[in-house]
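Contents: one structure, followed by commentary.
Here is how names work: the chains are called A, B, and so on, in the same order as the sequence lines, proteins then strands, and each is numbered from 1. Bear in mind the structure is a predicted one, so any value in this text is a computation, not a measurement.
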Amino acid sequence: MNAEQLAARRRQNRAGWAMALPACLLIFAFLITPFFMAFGLSLTNQRLISPNPAEFVGLRNFERLLGVGLLTLDPLRDENGEVRLKGGEPEYPRIRSFTRGNPDYPRLNRMREWFRIDLPGDRQLVVLAKDLVFIKALKNTVLFVAVVAPVQSGLALILALLINRPLRGINVFRTIYFAPVVISMVVVAMLWRFIYDGQNGILNSLLGIFSFGAIEPISWLGNTSTALPAIMAMSVWQGVGFHMVIWLSGLQTIPQPLYEVARIEGATGWQTFRYVTWPGLRNTAILVMVIITMQAFTLYPQVQVMTRGGPLDSTQSLVFQAVVRGYEKQDIAGGSAISVLLFLFVLAISLFQRYLTRDRD
Amino acid sequence: MGQVLLKSVRKSFGSAEVIPDLSLAIPDGSFTVLVGPSGCGKSTILRMIAGLEDVSSGTIKINDRDVTYREPSQRGIAMVFQSYALYPHMTVAENIGFGMILAKRPKAEINKRVGEAAAILRLEHLLDRKPKQLSGGQRQRVAIGRAITRDPQVFLFDEPLSNLDASLRGQMRVELAELHSKIGATMIYVTHDQVEAMTMADQIVVLNNGRIEQQGMPMELYIAPKTRFVAGFIGAPSMNFFEGSIASQHDCDALGVRPEHIGLRDDDGDLTGRIRHAEQLGSDTIIYVHHDDYGQITVRAEGNRVLDIGSTVHLTLPAEHLHRFRNGFRIQD
């Protein structure tokens with residue numbers, strides 16, 4: 001390469017970098033910096049507005065979030081050694097007596113009861129958590145991912161298979177299924193609040209009409225047992241079109257002759273799917289699962305708009321908690337710690353998925 | 001046993017009629033090649049025989065059985081595709097035995113039949129490989145193996161050698177011809193390459209715009225092409241056509257002479273032209289001669305002929321090798 005060529009290449013490189021610079025700056029300011037700041041802040045006691053300087057506290061924020069304790073309870077007994085009954089059930093000591101400054105149980109100080117398990121001999125095992133709201137948010141988020149990821153990807157695949165055929169007017173269906181994706185999640189969540197409304201909601205009206213009034217109106221978002229499933233259903237509906245399009249692009253990469261051979265060999269519909277379609281979608285499946293898992297873990301706008309974590313923390317989510325801690329409670333360090341944990345969960349799951357779907361050849 | 005009959009078959013895609021009205025008899029045990037330029041409908045005909053494409057009207061019979069509306073799997077056919085159509089996630093053995101895996105045949109039977117097909121095609125040492133570890137020729141042999149295990153009455157080949165390089169193509173031509181004589185089943189072979197048609201077929205069907213131009217043995221088509229289209233399509237290099245005064249002298253509107261039949265003379269001949277270019281192929285020499293009235297004339301001469309570009313040559317048109325055409329049809333002598 002002579003000097004002239006080198007100079008020309010250098011000029012080209014400089015122009016390229018100059019054009020990339022604005023985007024790089026923005027990414028650096030709003031993505032990379034906050035990412036590393038979250039790591040740093042999670043190790044301090046930084047508050048949003050505080051007269052005191054932040055101090056390094058090590059892993060205390062994480063201990064507070066993830067701290068769980070176990071306590072085995074014996075039933076209370078009367079003077080004769082008989083188990084005391086209350087309403088036909090054995091009576092147990094109050095948890096508070098262990099968790100409020102009890103010098104015998106320093107580890108359980110300020111913990112709250114999460115759930116309890118009956119053990120043989122009328123004893124009970126109580127699981128306590130230092131930060132019960134965070135634990136519930138974690139549980140709800142994992143449950144949300146565990147339900148939404150398979151249901152949404154499965155449904156999206158079925159839709160993609162249905163619309164992947166040259167029928168007249170098929171584009172109308174493609175548009176209908178894809179439409180929710182282009183609507184902002186906030187708007188969708190507002191609309192679904194009306195659908196789920198306990199008094200005049202469309203869902204209750206429809207159920208009433210089709211069951212001839214047999215199904216009483218349900219307050220879908222006001223009930224601890226229905227609120228999270230309601231948010232799951234609506235999230236699946238909103239995102240299914242996006243993943244349908246990804247599946248569809250995967251379906252269209254499968255060469256037609258592979259299907260024709262299957263027809264000649266007499267494959268049934270199921271066999272065609274099992275031997276031709278599904279193996280051909282392997283890479284698409286990995287992509288869809290990774291994307292859905294990541295998206296599901298960041299569950300936030302639905303909760304923010306529809307339930308704000310309620311009722312009784314039954315719809316708390318990790319991201320919602322991170323926002324509430326960081327901005328409403330001004331505990332930036334605590335919010336950062338949740339973000340860091342979320343990052344580690346998603347990273348771990350992605351690595352695990354990659355391991356499961358690795359190319360074995 | 002494996003006779004294929006098409007009767008008044010039509011095919012249109014929307015308003016475009018691809019096959020206007022076609023009747024064709026393919027005798028049992030023959031190696032029939034459907035040949036024609038791209039878009040002539042040859043692949044469509046093959047796919048209609050396979051059942052991958054519906055007919056718009058007409059009937060298709062295989063072995064005296066009306067299969068017009070049968071599923072592809074119930075027609076007693078097997079098909080080999082240009083793209084091989086092997087399943088990338090399956091081994092060679094699984095690809096060959098695919099039909100039997102679908103039919104849930106016992107493992108021992110599958111292994112036996114796969115082994116037999118692999119032996120015919122010399123694939124035994126490759127049975128555990130995946131298709132991407134094979135060369136193009138090996139892949140096509142696997143696809144043929146899959147067809148063999150179906151034990152069909154009719155084999156359908158859709159341009160199976162087009163993705164192979166020239167030397168491999170020549171080798172596979174020989175293998176396919178051998179396979180045909182070994183198995184004896186009817187084979188229908190689609191190609192746009194007239195060399196494949198001439199070398200493998202015992203019956204060639206030349207198609208143009210969805211119509212049969214001529215059907216017959218390779219040498220029949222070479223010696224006495226019925227239409228000008230067939231005359232130009234069969235034989236390489238293509239036949240020369242002369243129109244104008246020399247055609248009217250012979251009482252026709254197009255006079256055809258194959259390059260190998262034109263004589264080269266230094267002194268005197270029927271036509272005189274100038275040598276524009278010569279391709280020495282070793283065995284013979286292809287000479288391109290420019291004639292002021294008739295344009296380019298191709299001549300095939302022996303390989304050791306030494307020629308000067310730009311020099312004048314005299315060409316003779318031997319009477320016994322003239323093909324006369326009027327309105328595109330051959331005039332019988």
Side-chain angles (χ1 to χ4, degrees), chain A residues 153-154 157 160-161 163-172 174 246-290 353-361, chain B residues 13-14 43 46-47 49-54 67 70-91 94-105 128-133 139 142-147 149-152 154-156 158-160 163:
Chain A
S153 53
L157 177 57
L161 290 169
I163 63 168
N164 186 32
R165 50 186 72 190
L167 284 182
R168 194 173 305 217
I170 200 73
N171 278 328
V172 176
R174 290 183 188 184
I246 301 181
W247 283 123
L248 196 58
S249 70
L251 284 175
Q252 288 172 352
T253 62
I254 301 173
Q256 210 52 37
L258 294 187
Y259 286 105
E260 293 175 344
V261 168
R263 272 186 76 189
I264 290 173
E265 301 282 357
T268 61
W270 166 247
Q271 284 177 324
T272 306
F273 180 80
R274 158 132 170 38
Y275 289 106
V276 186
T277 311
W278 184 245
L281 288 175
R282 195 175 162 278
N283 290 326
T284 315
I286 296 172
L287 180 72
V288 167
M289 284 314 289
V290 169
Q353 282 176 332
R354 281 196 59 172
Y355 171 76
L356 283 183
T357 55
R358 70 197 181 281
D359 206 341
R360 286 185 183 79
D361 296 337
Chain B
F13 294 102
S43 280
L46 195 76
R47 292 170 59 82
I49 297 172
L52 297 173
E53 211 77 70
D54 298 332
V67 296
R70 293 290 180 107
E71 275 296 301
S73 56
Q74 293 169 357
R75 296 186 176 208
I77 55 107
M79 187 155 167
V80 176
F81 292 83
Q82 179 180 353
S83 60
Y84 323 130
L86 299 180
Y87 296 106
H89 59 284
M90 294 184 192
T91 63
E94 286 165 338
N95 267 292
I96 294 178
F98 183 56
M100 287 183 287
I101 293 172
L102 292 181
K104 303 203 173 70
R105 308 300 307 166
D128 294 326
R129 301 251 185 108
K130 293 274 173 73
K132 69 177 166 197
Q133 296 165 291
R139 286 180 205 183
V142 174
I144 294 167
R146 179 171 60 195
T149 56
R150 278 189 67 67
D151 197 14
V154 181
F155 280 86
L156 306 174
D158 191 3
E159 308 218 15
N163 283 1

- Cut-off 4.5 Å, heavy atoms of chain A, and the answer for B/M100 is neither

- The side-chain contact (heavy atoms from CB on, under 4.5 Å) partners of A/T253 (sequence neighbours excluded) come to none

- Message: Once ring pair (Phe, Tyr, Trp, His ring centres under 6.0 Å) is applied, do any residues pair with A/Y259, and if so which ones, sequence neighbours excluded?
- Response: none

- Look at the rings of A/W278 and A/W247 and say which category their plane angle falls in: under 30° parallel, 30 to 60° tilted, over 60° perpendicular. tilted

- Message: Hydrogens and angles aside, do B/D128 and B/T91 bring a side-chain donor and acceptor to less than 3.5 Å of each other?
- Response: no

- Portion of B/L86 that has a non-hydrogen atom of chain A nearer than 4.5 angstrom: backbone

- Message: Between B/R146 and chain A, with a heavy-atom cut-off of 4.5 Å, which part of the residue counts as in contact: side chain, backbone, both or neither?
- Response: both

